[in-house]
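Note sheet for the following structure.
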Amino acid sequence: MVKAVVAGASGGIGQPLSLLLKLSPYVDELALYDVVASPGVAADLSHISTKAKVTGYLPADDGLKAALTGADVVVIPAGIPRKPGMTRDDLFNINAGIVRDLITGIALYSPSAFILIISNPVNSTVPIAAEVLKKHGVFDPKKLFGVTTLDVVRAETFTASVAGKPDPSVFKIPVVGGHSGDTIVPLLSLSEPKVEIADPDRASLVNRIQFGGDEVVQAKEGKGSATLSMAHAGFRFVESILKAVAGETGIVENTFVYLSGVSGGDDVKSITGLDFFSVPVELGPSGAVKVTNILPQVSEYEKGLLEVAYTGLAANIKKGVDFIVGAPEAK
């Protein structure tokens, strides 16, 4: 029996992600948590004729505890989008606080669950989660993941378009680094099947993958961001985890992990100088089994992209760690 939880289930990502999870044959129980509307979303989804039993919870009446207790997988798309007049620091402080509080709940009520973080900024919220889990003595690096799959999905889609291929799913393109702007590094030189894309098309393609979110925000005229494609990408990663738990082997996904806690991660850390980095990770029943260090294989062009990413990531990671480590102890 697999219980999956979506924390932030009523939002633009949460609702379609919950729908996809309701349709999954790997999910037996689906708990939806949010500060508003989650019982209604659960009632709606519960009419779908698939096996997953759906329940919805609000903060009242120990709703977070009820949602999380017995969870095998917790996916967190919770948070708010940036609004007019709001600085990036304002947005960070709000979303960081939301993630901190949800992770505290996981530490208390489902400490052995797989934790998949979608809430932005992922480069900082994953380190926040790690520090909260450490404080509670329940940090398992093999079970904490930053979901960077949307970058991979965009790389597949946009590369297929440039290469004139009708089916993006034929491509396997590693995307490493982080999950914002120029911390996202698509390794086109390691694409399978191989593609030869020269400048200026290559630079344009890399930029589109890195800043694809802006494209959606502009198309939605500032009234929304990438929610449906993110829900798809989130589900793709959740399902990979669930397949691995079910015993399927050979499953590899790019994901933002704590390097020193996963076999092979220290090889990547020795190159990047970073504690967290998105890399290809083999998944198994216990979570992250092995990191594959593909950085020595990158092209000279990509080495330049990586150097930029390292600088940005170092600052993002520190900001996340400082949010928890520098916070005063609750009395």
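Nothing here was measured: the structure is a model prediction, and the numbers come from that model.
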Intermediate values then yes/no, side chain to side chain contact (heavy atoms under 4.5 Å, CB included), Val5 and Asp72: CA-CA 8 Å; Val5 179; Asp72 297 291; over 6 Å; no

- Query: Could you walk me through whether Val217 and Ser225 pass the side chain to side chain contact (heavy atoms under 4.5 Å, CB included) check?
  - Reply: CA-CA 5 Å; Val217 171; Ser225 57; 3.9 Å; yes

### Query
What do the steps show when you test Asn120 against Thr125 for side chain to side chain contact (heavy atoms under 4.5 Å, CB included), and what is the final call?
CA-CA 7 Å; Asn120 277 321; Thr125 53; over 6 Å; no

Practice item. Please step through side chain to side chain contact (heavy atoms under 4.5 Å, CB included) for the pair Phe277 and Leu295, ending with a clear verdict. Key: CA-CA 11 Å; Phe277 204 73; Leu295 298 183; 4.3 Å; yes

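Proximity of a side-chain donor or acceptor of Asp44 to a complementary backbone N or O of Gly40 within less than 3.5 Å is not detected. With hydrogens and angles ignored, the 3.5 Å screen pairs a side-chain donor or acceptor of Ser46 with a backbone N or O of Ala43. Remark: the backbone N or O of Pro168 is not paired with any side-chain donor or acceptor of Thr157 at under 3.5 angstrom. With Ser270 contributing its side chain and Asp267 its backbone, the two residues share a donor-acceptor pair below 3.5 Å. At distances below 3.5 Å, at least one donor-acceptor pair connects side-chain atoms of Thr104 with backbone N or O atoms of Arg100. Judged purely by atom type and a 3.5 angstrom limit, Lys194 uses its side chain to pair as donor or acceptor with the backbone of Ser189. Side chain of Ser10 to backbone of Ser38: a donor-acceptor contact under 3.5 angstrom is found. Within the 3.5 Å criterion, the main-chain N or O of Gly326 finds no donor-acceptor partner in the side chain of Asp322. Asn95 contributes no side-chain N or O that, together with a main-chain N or O of Gly79, makes up a donor-acceptor pair within less than 3.5 Å. Looking only at distances, no side-chain donor or acceptor of Ser110 sits under 3.5 Å from a matching main-chain atom of Ala113.
More than 12 heavy atoms of other residues, nucleotides or ligands lie within 6.0 Å of NZ in Lys319, so this atom counts as buried by the packing criterion. In Lys165, the NZ atom is not crowded: 12 or fewer heavy atoms of neighbouring residues, nucleotides or ligands sit closer than 6.0 Å.
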Can you give each donor-acceptor pair under 3.5 Å made by side-chain atoms of residues 144-152, sequence neighbours left out, with the distance rounded to 0.1 Å?
unit_1, atom_1, unit_2, atom_2, d
Thr148, OG1, Asn254, O, 3.4
Thr148, OG1, Ser278, OG, 3.0
Asp151, OD1, His179, ND1, 3.4
Asp151, OD2, His179, ND1, 2.7

Pair up each side-chain donor or acceptor in residues 54-67 with any protein partner under 3.5 Å, not counting sequence neighbours, and list the distances.
unit_1, atom_1, unit_2, atom_2, d
Thr55, OG1, Tyr57, OH, 3.3

Name every donor-acceptor pair, under 3.5 Å, that has one atom in a side chain of residues 304-316 and the other anywhere in the protein, sequence neighbours excluded.
unit_1, atom_1, unit_2, atom_2, d
Thr311, OG1, Glu307, O, 3.4
Asn316, OD1, Asn123, ND2, 2.9
Asn316, ND2, Gly312, O, 3.4

Validation: residues 170-178 side-chain donor-acceptor distances under 3.5 Å, sequence neighbours left out:
none

Could you list the donor-acceptor pairs under 3.5 angstrom formed by side chains in residues 235-251, with sequence neighbours left out?
unit_1, atom_1, unit_2, atom_2, d
Arg236, NH1, Glu156, OE1, 3.1
Arg236, NH2, Glu156, OE2, 3.0
Ser240, OG, Arg236, O, 3.2
Ser240, OG, Glu253, OE2, 2.7

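In this structure, the salt bridge (Lys or Arg N to Asp or Glu O under 4.0 Å) partners of Asp28, at least two apart in sequence or on a different chain, are Lys51. Applying the side-chain hydrogen bond (donor to acceptor under 3.5 Å, both in side chains) rule to Lys220 yields the partners Thr227; only residues at least two apart in sequence or on another chain are considered. For Glu215, the side-chain hydrogen bond (donor to acceptor under 3.5 Å, both in side chains) test picks out Arg208, with sequence neighbours left out. A search for side-chain hydrogen bond (donor to acceptor under 3.5 Å, both in side chains) contacts involving Lys143 returns nothing, not counting sequence neighbours. Scored by the side-chain hydrogen bond (donor to acceptor under 3.5 Å, both in side chains) test, Ser161 finds no partners at all (sequence neighbours excluded).
In this structure, OG on Ser112 lies 11.0 Å from CD1 on Ile106, to the nearest 0.5 angstrom. Between atom CG of residue Leu21 and atom CD of residue Glu29 there is a gap of 13.0 Å, rounded to the nearest 0.5 Å. In this structure, CG on Asp266 lies 7.5 Å from CG on Leu259, to the nearest 0.5 angstrom. Rounding to the nearest 0.5 angstrom, the gap separating the CG atom in Leu188 from the CG atom in Asp201 is 11.5 Å. The structure places CZ of Phe158 at 8.5 Å from CG of Leu205, a figure rounded to the nearest 0.5 Å.
Cluster membership for Val325 and Leu274, using ILVMFWY side-chain heavy atoms within less than 4.5 angstrom, is shared. Following chains of ILVMFWY side-chain contacts shorter than 4.5 Å, one can reach Ile271 starting from Val281, so the two form part of one hydrophobic cluster. In the hydrophobic cluster analysis, where Ile, Leu, Val, Met, Phe, Trp and Tyr join through side-chain heavy atoms closer than 4.5 angstrom, Leu32 is grouped apart from Val35. Both Val132 and Phe139 are members of a single hydrophobic cluster when ILVMFWY side chains are connected at heavy-atom separations under 4.5 Å. When hydrophobic clusters are built by joining Ile, Leu, Val, Met, Phe, Trp and Tyr residues whose side-chain heavy atoms come closer than 4.5 Å, directly or via intermediates, Val206 is not grouped with Phe211.
Applying the ring-ring contact (aromatic ring centres under 6.0 Å, His included) test to pairs two or more places apart or on separate chains, none has a residue in residues 95-137. Sorted by first and then second residue, the ring-ring contact (aromatic ring centres under 6.0 Å, His included) pairs involving residues 1-53 (not counting sequence neighbours) form an empty list.
Contact between Gly320 and Ile128 at its shortest, heavy atoms only, is O-CG1, 3.3 Å. Closest approach of Ser119 and Val99 over heavy atoms only: CB-CG2, 3.7 Å. Of all heavy-atom pairs spanning Gly14 and Pro77, the tightest one is CA-CG, 4.1 Å. Heavy-atom minimum distance, Leu190 versus Gln297: CD2-O, 3.8 Å. Considering all non-hydrogen atoms of both residues, Ala9 and Asp34 come closest at N-OD2, 3.2 Å. Contact detail for Ala78 and Ile98: the closest heavy-atom pair is CB-CG2, 3.9 Å.
In this structure, Arg202 satisfies the cation-pi test against Tyr301, with its NZ or CZ atom closer than 6.0 Å to the six-membered ring centre and inside 45 degrees of the ring normal.
The pair Asp275-Lys318 does not meet the salt-bridge criterion, since no charged nitrogen lies less than 4.0 angstrom from a carboxylate oxygen.
Looking only at side-chain heavy atoms (C-beta outward), Thr292 and Val279 stay at 4.5 Å or farther from each other. Ser124 has its side chain within reach of Phe92: a pair of non-hydrogen atoms, C-beta onward, lies under 4.5 Å apart.
When each of Leu17, Val6, Ile76 is tested with Ile118 by the rule side chain to side chain contact (heavy atoms under 4.5 Å, CB included), just one qualifies, namely Leu17.
A donor-acceptor contact closer than 3.5 angstrom links the side chains of Thr50 and Lys22.
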